[in-house]
Amino acid sequence: MTSPESTWSRRSVLVVDDSALQRQHVARLCMALGVGQVVEAAHGLAALEQLSLLDAPPDLLIIALEMPAMDGIELVEALQLRGVRSPVVLLSSRDDALIDSVQSLGHGVKRGLRKPLARDDLRDVLRECLAAPQAGAESGRGRPPSSICAQVLEQAILTRQIVPHFQPKIDTNTGILRGVEALARWHDPERGTVPPDEFIAVAERESLIHALTLSVVDQSFAQCALWQSRGMRLTMAVNISPELLTRPDLVAEVCALQQQHGLDPSQITLEITESTAVESQGAAHAVLVRFRLKGFGLSIDDYGTGFSSMQQLSRIPFTELKIDRSFVHGAHRRRSLRVILESALDMARRLNLATVAEGVETLEDWRLLQSFGCTSAQGWFIAKAMPGSALPAWNKGHGARLPELRLPRR
Ligand code: C2E
Ligand code: CA
Ligand code: CA
């Protein structure tokens, strides 16, 4: 992965803390990591004043949670009222549970971190928060929903400008590639590569999701069959939108493509989000049961975000629990995430479900998943989604990482 640090020289951070020692420590770390402009304020009102003097809001705000007069939360609320939308990190020396809980505050609060701020934590935060384009330089993720019109999208589906890329799914014990997840990408000659967050919702709204999904499934199965003919037998996971579950013909359509490409149904997993799964009733429920009867795998995607009970989920014959990345990323250093992750994995094991962790970005989180007995994992630590033609070469290079990835012997 290319290092983003070289681009931080044009980025700005505002540090707000009444303790001069802590404030200067954070400011020095920011500068040492290459942030171009660091502004300091000793209390909330001074911060608001500084902000009114700046040409553009800072790219990141690092604020002490406890301060006399205006505390960190009051300041965050005041910033909201003034329309400042920069990401915020809150610092505190209180207990981990309290620090973790600030992440649920919303209002742009990305992280709660322990004082004194550690260099590695700051680097992670800068990578996460400064990865997005600078204000006024919008492109890719984070840009406002674009105005994609139905005819253009339909044309893109028909002409196969929408193609699947494939993210490796890795065995957590051995590091070996077991399968992939197909993720749709739109290669638009004018806009460049448009991410799915921008067009899936439009496709769902404009009744194009059926055509889009069948096209992605067809291309993904064809790719899987091609790899197989070259000696790479992999599993293939595809995403299924809730709208599709109300179509009784979906099972026959997917089965026809699976047979046409000579794949075994056990190689294929259909990913359905947790909220869709819980809400499925009647015809939608029947579609899921029929897929299982045909031998396809069923995965609960984004597990942990739907607030479902196990009783609700046990109605549906799932084979896999896919844990949302919000419980995986950073779990090695956040106790509350670790506890949720471990208990979800424990529960899945008892129910005989395979487990997939998504969003693994670091070796530390990878090791944690190994120690918790998670079956497989996906994430940028292993690889981003790539075109199908690139996967064999990627896998060859990946072989060199297997000694590092293997479960360490005790
Ligand atoms: P998802 O199913 O939860 O897919 C995982 C998303 O997380 C992908 O984003 C993937 O690129 C991203 N990701 C993977 N590893 C990491 C990591 O380590 N860190 C971080 N921060 N992100 C990671 P992508 O490709 O932008 O897809 C977004 C969503 O769009 C998908 O979320 C899925 O819900 C939807 N989607 C994608 N393709 C299709 C499709 O063919 N049909 C339908 N219905 N939905 C799709
Ligand atoms: Ca998915
Ligand atoms: Ca997911």
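Both counts, for ligands and for their atoms, begin at 1 and track the order of listing. Sequence positions, counted from 1, serve as the residue numbers for this chain. Hydrogens, waters and symmetry mates are skipped; everything else that's a heavy atom, side chains included, is used.
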- Does Arg367 come within less than 4.0 Å of Glu364, counting only side-chain N to carboxylate O? no
- Query: Does Arg338 come within less than 4.0 Å of Asp365, counting only side-chain N to carboxylate O?
  - Reply: no
- Item | Mode of Gln167 contact toward ligand 1 - side chain, backbone, both, neither (heavy atoms, under 4.0 Å) | side chain
- Message: Under 4.0 Å between a side-chain nitrogen and a carboxylate oxygen: does that hold for Lys322 and Glu271?
- Response: yes
- Counting from 1, what ligand 1 atoms have a heavy atom of Asp301 closer than 4.0 Å? 2 (O)
- Message: With a 4.0 Å cut-off on N to O distance, would you call Glu361 and Arg325 a salt bridge?
- Response: no
- Note on the structure: Here the atoms of ligand 1 under 4.0 Å from any heavy atom belonging to Asp302 are 3 (O)
- Task: Pull out every atom of ligand 1 sitting under 4.0 Å from any heavy atom of Pro196, numbered as shown with elements.
- Result: 24 (P), 25 (O), 26 (O), 27 (O), 28 (C), 30 (O), 37 (C)
- Query: What part of His165, side chain, backbone, both or neither, has a heavy atom within less than 4.0 angstrom of ligand 1?
  - Reply: neither
- 3.0 Å cut-off met by an N, O or S atom of Glu358 to the Ca ion (ligand 2): no
- Close-contact set for ligand 1 against Glu181 heavy atoms, below 4.0 Å: 2 (O), 4 (O)
- Message: Does Arg94 have more than 12 heavy atoms from other residues, nucleotides or ligands lying within 6.0 Å of its CZ?
- Response: no
- Item | Thr273 and ligand 1 - part of the residue with a heavy-atom distance under 4.0 Å | neither
- Query: Can an N, O or S atom be found in Asn239 less than 3.0 Å away from the Ca ion (ligand 2)?
  - Reply: yes
- Query: Would one find an N, O or S atom of Asp302, in either backbone or side chain, under 3.0 Å from the Ca ion (ligand 2)?
  - Reply: no
- Does the pair Arg111/Asp121 count as a salt bridge with the N-to-O cut at 4.0 Å? no
- Item | More than 12 heavy atoms of other groups within 6.0 Å of Arg335 CZ | no
- Query: Passes side chain to side chain donor-acceptor pair (under 3.5 Å), Thr355 versus Thr375? Steps please.
  - Reply: CA-CA 5 Å; Thr355 43; Thr375 330; 2.8 Å; yes
- Item | Carboxylate-amine/guanidinium contact Lys115 Glu66, below 4.0 Å | no
- Query: In Glu271, which N, O or S atom comes closest to the Ca ion (ligand 2)?
  - Reply: OE1
- So which heavy atom on Gln258 is nearest to which on Phe296, and how close? OE1-CZ, 3.7 Å
- Which part of Ile200 is near ligand 1, with near meaning a heavy atom under 4.0 Å away: side chain, backbone, both or neither? side chain
- Message: Between ligand 1 and Arg185, can you find any atom pair, the residue atom being a heavy atom, that is separated by under 4.0 Å?
- Response: yes
- Message: Out of the candidates His398, Gln378, Met386, only one should pair with Pro168 under the side-chain contact (heavy atoms from CB on, under 4.5 Å) rule; please name it.
- Response: Met386
- Would you say Pro195 contacts ligand 1, with heavy atoms under 4.0 Å as the rule? no
- Considering only N, O or S atoms of Asp301, the one closest to the Ca ion (ligand 2): OD2
- Query: Is the cationic atom of Arg334 (NZ for Lys, CZ for Arg) positioned less than 6.0 Å from the six-membered ring centroid of Phe327 and within 45 degrees of its normal?
  - Reply: no
- Task: Examine Arg233 relative to Trp227 and say whether NZ or CZ is less than 6.0 Å from the centre of the six-membered ring and inside a 45° cone about the ring axis.
- Result: no
- Query: Just distances here: any N/O of Asn239 and N/O of ligand 1 closer than 3.5 Å?
  - Reply: yes
- Query: To which of Glu128, Arg325, Gln219, Glu361 does the heavy atom nearest atom 12 (C) of ligand 1 belong?
  - Reply: Arg325
- Query: Considering only heavy atoms of Gly379, which atoms of ligand 1 have at least one such atom less than 4.0 Å away?
  - Reply: 15 (N), 18 (O)
- Measure from the Ca ion (ligand 2) to every N/O/S atom of Glu181 and report the name of the nearest one. OE2
- Message: If the cut-off is 4.0 Å to any non-hydrogen atom of Val216, which atoms of ligand 1 fall inside it?
- Response: 41 (O)
- Item | Per-atom contacts of ligand 1 with Asp197, taking only distances under 4.0 Å to non-hydrogen atoms | 28 (C), 29 (C), 30 (O)
